Amino acid sequence: MLFRDRVLQVVSRIPPGRVATYGDVARMAGRARAARAVGTILRTATRRGLPYHRVVAAGGGLGGYGGHAEFKAALLAAEGIVVRKGRIQQFRQHLWPSPGK
DNA sequence: AAACTGACCAACG
DNA sequence: CCGTTGGCCAGTT
């Protein structure tokens with residue numbers, strides 16, 4: 001199975017209202033250090049019309065959305081995630097699969 | 001086939 | 001808290 005497909009599968013399993021970081025997705029997809037590649041993959045995916053907006057940057061930033069970060073923020077907001085000053089509030093708690101500590 | 005490009009990230013200064 | 005640096009890897013040119 002292509003790395004791309006595993007990434008898309010993993011992302012599609014992120015429950016609404018939760019988010020995962022690029023690095024986490026990379027890890028779940030089997031390539032712990034491929035966070036960057038995940039970015040390229042999701043970008044092409046968006047171009048295909050798949051709204052993979054639940055993947056955010058480590059540290060609470062939004063990451064990108066092919067130049068449509070506003071839309072991404074709106075989608076997250078619709079799922080109950082508060083984004084302010086480009087940062088996700090209570091980022092740690094929305095994190096999936098595990099809020100960590 | 002080789003080089004370039006980024007929705008990344010952690011570590012420094 | 002910002003900018004830089006080096007490493008990473010799939011996709012695109």
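Chain letters run A, B, ... following the sequence lines, proteins first, then strands; residues in each count from 1. Every value quoted in this text rests on a predicted model; they were computed, and no experiment measured them.
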(request) In sequence, state the C-alpha distance, the side-chain angles, and the governing distance for Y65(A) and L75(A), and then conclude on side-chain contact (heavy atoms from CB on, under 4.5 Å). (result) CA-CA 11 Å; Y65(A) 205 80; L75(A) 291 174; 4.0 Å; yes
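- Residues from residues 9-17 of chain A placing a heavy atom under 4.0 Å of any atom in DNA chain B do not occur.
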(message) Go through it in stages, so that I can follow the logic: the residues are V7(A) and V10(A), the test is side-chain contact (heavy atoms from CB on, under 4.5 Å), and I'd like the CA-CA distance, side-chain angles, deciding distance and then a yes or no.
(response) CA-CA 5 Å; V7(A) 167; V10(A) 167; 5.8 Å; no
(request) Quick one: do L76(A) and H53(A) satisfy side-chain contact (heavy atoms from CB on, under 4.5 Å)? Show the steps, please. (result) CA-CA 7 Å; L76(A) 290 175; H53(A) 58 281; 3.7 Å; yes
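- For Q90(A), the side chain to side chain donor-acceptor pair (under 3.5 Å) partners two or more places apart in sequence, or in a different chain, are Q93(A).
- Applying the side chain to side chain donor-acceptor pair (under 3.5 Å) criterion to R27(A), with sequence neighbours excluded, gives D24(A).
- Among L62(A), I14(A), T21(A), the single residue meeting the side chain to side chain contact (heavy atoms under 4.5 Å, CB included) criterion with V55(A) is I14(A).
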(message) Set out, in order, the CA-CA distance, both residues' side-chain angles and the distance that settles side-chain contact (heavy atoms from CB on, under 4.5 Å) for Y22(A) and L42(A), then state yes or no.
(response) CA-CA 10 Å; Y22(A) 293 90; L42(A) 292 194; 4.2 Å; yes
(request) If a protein heavy atom is under 4.0 Å from the base, mark B; if only from the sugar-phosphate, S; if neither, -; do that for nucleotides 5-13 of chain C going 5' to 3'. (result) --BBBBSS-
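- Applying the side-chain hydrogen bond (donor to acceptor under 3.5 Å, both in side chains) test to every pair with at least one member in residues 31-45 of chain A, sequence neighbours left out, gives no pairs at all.
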Just the table, please: protein N/O against nucleotides 10-13 of chain B N/O, every pair under 3.5 Å.
none

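- Protein atom CZ of R43(A) is 9 Å distant from nucleotide atom P of dC8(B), rounded to whole Å.
- Residues E79(A) and R54(A) are paired through a salt bridge, judged by an N-O separation under 4.0 Å between the basic side chain and the carboxylate.
- In this structure, A20(A) and W96(A) approach most closely via the heavy-atom pair CB-O, 3.5 Å.
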